Amino acid sequence: MRLYDTYTRSLVELPPPPGPVRMYFCGPTVYARAHIGNARPFVVGMWLRSWLRANGYDATLVHNITDINDKIYDAAPGASAELAERATAWYLEDTGDLGLGMPDHLPKATESVPQIIGFIEELIESGHAYAADGDVYFRVASFPEYGRLSGQRPDQVEQGEEPSALKEDPRDFALWKANKPKTEDTWWNSPWGRGRPGWHIECSAMAEDIYGPAFEVHGGGLDLVFPHHENEVAQSRALGHPFAQIWAHNGMLRFTGEKMSKSVGNVETIRESIDRWGREAVLVFFLTASWRKPIDYSEETMTQAAARLDTLRNAFTLQATDGDERGWDAFAAALDDDFDTPAALAVLHDWASSGRLDLLRRGLAVFGLESVAERAAAPDEIVALAEERVTARVERDFERADRLREELASAGWQMRDRQDGYDLVPL
RNA sequence: GGCGCCUUGGCCGAGUGGUUAGGCAGCGGCCUGCAAAGCCGUUUACAGCGGUUCGAAUCCGCUAGGCGCCUCCA
């Protein structure tokens, strides 16, 4: 299997099974209900793990929770810890409802402060960082490779942050920030006084705390390439650690169409999306585009995803053909080639229309969609109405039959007649 | 100003030199008491201009348009 690697800008072959393939995907900053775009790295990470395991890999996934951040302080002045805790619970609930299971580890920044401090101390000792008035900064000039991952030219980088008199070089970034009592209500003791970790250091510290100095795949949104991941590479490789072998960056979601837009920007939360479209449609939506490409989240694209889901689901009301397993190769080839889910989805549709339901079931399971194969059983009163309608049709009382079909529909069930009986399908 | 990505038929989206991708929607038909589901058929695209080639959606150049990032956004 091969994956596109941002660092080398090429497809990189994974080691053969059983690997291991240790993956670290950057998770959310917990200050509000996560929006649907935040679900993409989660989904991609879980799917990759699922596919790798199905192919005999020893695959693990770490997904971190950033619960120390300015946004949290801004969103809940004086009560940021409570907000972070609540938003973490929301995130676990919402991603859990996607039905893909959970990552192997979900480390939190707040629970990793000792490791972070240890990491910073090593950087200071080796000359790659320096303390200044309670802050600690990474010395970018000490790492010649800086900019390699993102392709940024250091001399051209715009300075968005307030220039700090404490920095030796404007490119230097904070590893540790001294506490500012007016705006921040959480702090930890450190060799440099009270304060809190910077953003980038947590990932280096947590990834290496769990995996050691080297692992296979580091994922996250494309918007994290610079500065977040560039800084992670700098921190870890400055200490001589290989760190991630492959950098897997997923494309952004785009929000179009006015209908779903809210007064402030047109975003929708994972929760709202699942509630509105169902988790299966959300997953099919992510399947329709390559994980690296941008994807439009809109009324139209979601409607199409829901329609595709129905097509796949309806296949299971059809007659199955023999258990021909040869078709699996096309599906596997699509996913092994940079995890090409649109191509794999086309194979799924091929199986659906040719009635190869065993293969279809197996393929859907890779994406957590085994439930598509399950037909909900109608409650007794619905079945009773259906039987009544069968009788009416036998008696050729079509008026009554049509009335009963209406009744079933208003109860949420569609009755589909067939030669040998009928199907009851939830609407 | 810098780094990078993208542009395929009504919509979504595969395709990296020469054979129908696929789906959704539409239209026609079969099936059905009527529907639904399913099946069959159907609208033949590759931003524009130029170049390489026997041959380009696929390679090169230019132009136009869109997008991401540039110190704390997945």
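A, B, ... follow the sequence lines: proteins, then strands. Residue 1 opens every chain. Note that the coordinates shown come from a computational prediction; the quantities given were computed from them, not determined experimentally.
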Checklist entry - Is Ser290(A) touching bases, backbone alone, or none of the nucleic acid, heavy atoms closer than 4.0 Å? => result sugar-phosphate
Checklist entry - Within the structure, does a side-chain N or O atom of Asn314(A) lie under 4.0 Å from either OP1 or OP2 of G38(B)? => result yes
Checklist entry - Base, sugar-phosphate alone, or nothing: which one does Leu253(A) contact when heavy atoms must sit under 4.0 Å apart? => result base
Checklist entry - Heavy atoms under 4.0 Å, any strand shown: does Arg403(A) hit a base, just sugar-phosphate, or nothing? => result nothing
Item to check | Atom P, compared across A45(B) and A37(B): separation rounded to whole Å | outcome: 30 Å
Next on the checklist: Suppose you measure atom P in G13(B) against the same atom in G65(B); what distance do you get, rounded to whole Å?
Outcome noted: 22 Å
Checklist entry - How long is the line joining CG of Asp223(A) and P of C5(B), in whole Å? => result 17 Å
Next on the checklist: For Val284(A) versus Leu369(A), what's the shortest heavy-atom pair and its separation?
Outcome noted: CG2-CD1, 4.1 Å
Next on the checklist: Could you tell me the Watson-Crick or G-U partner of U20(B), where both distances fall under 3.5 Å? Say none if there is no partner.
Outcome noted: none
Next on the checklist: Taking CD in Gln414(A) as the centre, count heavy atoms belonging to other residues, nucleotides or ligands within less than 6.0 Å. Is the count above 12?
Outcome noted: yes
Checklist entry - Any luck finding a side-chain donor-acceptor pair between Thr60(A) and Asp104(A) under 3.5 Å? => result no
Next on the checklist: So Gly219(A), base contact, sugar-phosphate only, or nothing? Heavy-atom distance under 4.0 Å.
Outcome noted: nothing
Checklist outcome for this item: From CZ of Phe143(A) across to P of U71(B) the rounded distance in Å is 19 Å
Checklist entry - Where does the angle between the aromatic ring planes of Phe226(A) and Tyr146(A) fall among parallel (under 30°), tilted (30 to 60°) and perpendicular (over 60°)? => result perpendicular
Next on the checklist: Walk along nucleotides 21-26 of chain B from 5' to 3' and tag each nucleotide B, S or - by protein heavy-atom contact under 4.0 Å, base first, then sugar-phosphate.
Outcome noted: BBBB--
Item to check | Close residues, residues 127-141 of chain A, relative to RNA chain B [heavy-atom separation under 4.0 Å] | outcome: none
Checklist outcome for this item: Among the nucleotides G4(B), U71(B), A36(B), whichever has the atom closest to the side chain of Phe226(A) is U71(B)
Checklist entry - In whole angstrom, what separates Leu312(A)'s CG from C12(B)'s P? => result 20 Å
Item to check | C27(B) and U19(B), which share atom name C1', separated by this distance in whole Å | outcome: 28 Å
Checklist outcome for this item: Of the listed A74(B), U71(B), U32(B), the closest approach to the Asn231(A) side chain comes from U71(B)
Item to check | Nearest-Å distance once atom C1' is located in both C49(B) and U44(B) | outcome: 24 Å
Checklist entry - Which residue, Tyr4(A) or Met415(A), contacts RNA chain B at a nucleotide closer to its 5' end, judged by nearest heavy atom? => result Tyr4(A)
Checklist entry - So, for His63(A) and Phe42(A), is the gap between ring centers shorter than 6.0 Å? => result yes
Checklist entry - Within the structure shown, what part of the strands sits under 4.0 Å from Asp340(A) by heavy-atom distance: base, sugar-phosphate, or nothing? => result sugar-phosphate
Checklist entry - Side chains of Arg279(A) and Ser273(A): is there a donor and an acceptor less than 3.5 Å apart? => result no
Next on the checklist: Can you identify which nucleotide, out of U7(B), U71(B), C34(B), has its nearest atom closest to the Lys293(A) side chain?
Outcome noted: U7(B)
Checklist entry - Separation of Arg40(A) atom CZ from G68(B) atom P, in whole Å? => result 14 Å
Next on the checklist: Could you report the tightest heavy-atom contact between Ile246(A) and Tyr4(A), atom names first, then the distance?
Outcome noted: CG2-O, 4.1 Å
Next on the checklist: Please report the distance separating the P of C40(B) from the corresponding atom of C46(B), rounded so that it comes out in whole Å.
Outcome noted: 27 Å
Checklist entry - Arg148(A) CZ to C70(B) P: how many Å, rounded? => result 22 Å
Checklist entry - Between C24(B) and C6(B), how far is it from one C1' atom to the other, in whole Å? => result 23 Å
Checklist entry - Nearest to the side chain of Lys71(A) - A74(B), C73(B), G33(B)? => result C73(B)
Checklist outcome for this item: Any strand, both distances under 3.5 Å, Watson-Crick or G-U wobble: C30(B) pairs with G38(B)
Checklist outcome for this item: Atom CZ of Arg356(A) and atom P of G38(B) are separated, to the nearest Å, by 18 Å
Item to check | Euclidean distance, atom CE of residue Met252(A) to atom P of C69(B) [Å, nearest integer] | outcome: 8 Å
Item to check | Any donor-acceptor N/O pair under 3.5 Å between C34(B) base and Asp417(A) side chain | outcome: yes
Next on the checklist: Test your reading of the model: is there a side-chain donor-acceptor pair from Ser112(A) to the backbone of Lys108(A), 3.5 Å cut-off?
Outcome noted: yes
Checklist outcome for this item: Checking N1-N3 plus N6-O4 or O6-N4 for Watson-Crick, or N1-O2 and O6-N3 for wobble, each under 3.5 Å, the partner of C69(B) is G2(B)
Item to check | Side chain Arg405(A) and base A36(B) donor-acceptor under 3.5 Å | outcome: no
Item to check | Among A37(B), A74(B), C34(B), the nucleotide that comes nearest once only the side chain of Cys26(A) is considered | outcome: A74(B)
Next on the checklist: Measuring only the P atom in each nucleotide, how far is U20(B) from C5(B)? A whole number of Å is fine.
Outcome noted: 32 Å
Checklist entry - Say you pick atom P in C3(B) and the same atom in C62(B); how far apart are they, in whole Å? => result 14 Å
Next on the checklist: Tell me whether the rings of Trp47(A) and Phe286(A) are parallel (<30°), tilted (30 to 60°) or perpendicular (>60°).
Outcome noted: perpendicular
Next on the checklist: Tell me whether Glu299(A) is salt-bridged to Arg276(A), with the criterion being a basic N under 4.0 Å from an acidic carboxylate O.
Outcome noted: yes
Item to check | Residue closer to the 5' end of RNA chain B, Gln414(A) versus Asn69(A) (nearest nucleotide) | outcome: Gln414(A)
Checklist entry - Taking atom types as they are modelled, is there a donor-acceptor pair under 3.5 Å from the base of G4(B) to the side chain of Arg292(A)? => result no
Checklist entry - Using the ring of each side chain (for Trp, its six-membered ring), is Trp247(A) parallel, tilted or perpendicular to His229(A), with breaks at 30° and 60°? => result tilted
Checklist entry - For Gly37(A), which contact category applies under a 4.0 Å heavy-atom criterion: base, sugar-phosphate, or nothing? => result base
Checklist outcome for this item: Pro28(A) has its side chain closest, among G33(B), C12(B), A74(B), to A74(B)
Next on the checklist: Under 4.0 Å, counting only non-hydrogen atoms across every strand here, what does His35(A) touch: a base, just sugar-phosphate, or nothing?
Outcome noted: base
Checklist entry - Does C62(B) have a Watson-Crick or wobble partner in any strand here, with both distances under 3.5 angstrom, and which is it? => result G48(B)
Next on the checklist: Against Trp291(A), only a single residue in Asp340(A), Val43(A), Val44(A) fulfils side-chain contact (heavy atoms from CB on, under 4.5 Å); can you say which?
Outcome noted: Val44(A)
Next on the checklist: Return the pairing partner of A56(B) with a 3.5 Å limit on both distances, Watson-Crick or G-U wobble; otherwise return none.
Outcome noted: none
Checklist entry - Side-chain contact, heavy-atom cut-off 4.5 Å: Ile201(A) with Phe119(A)? => result yes
Next on the checklist: Can you measure Arg171(A) atom CZ to C3(B) atom C1' for me and round it to whole angstrom units?
Outcome noted: 15 Å
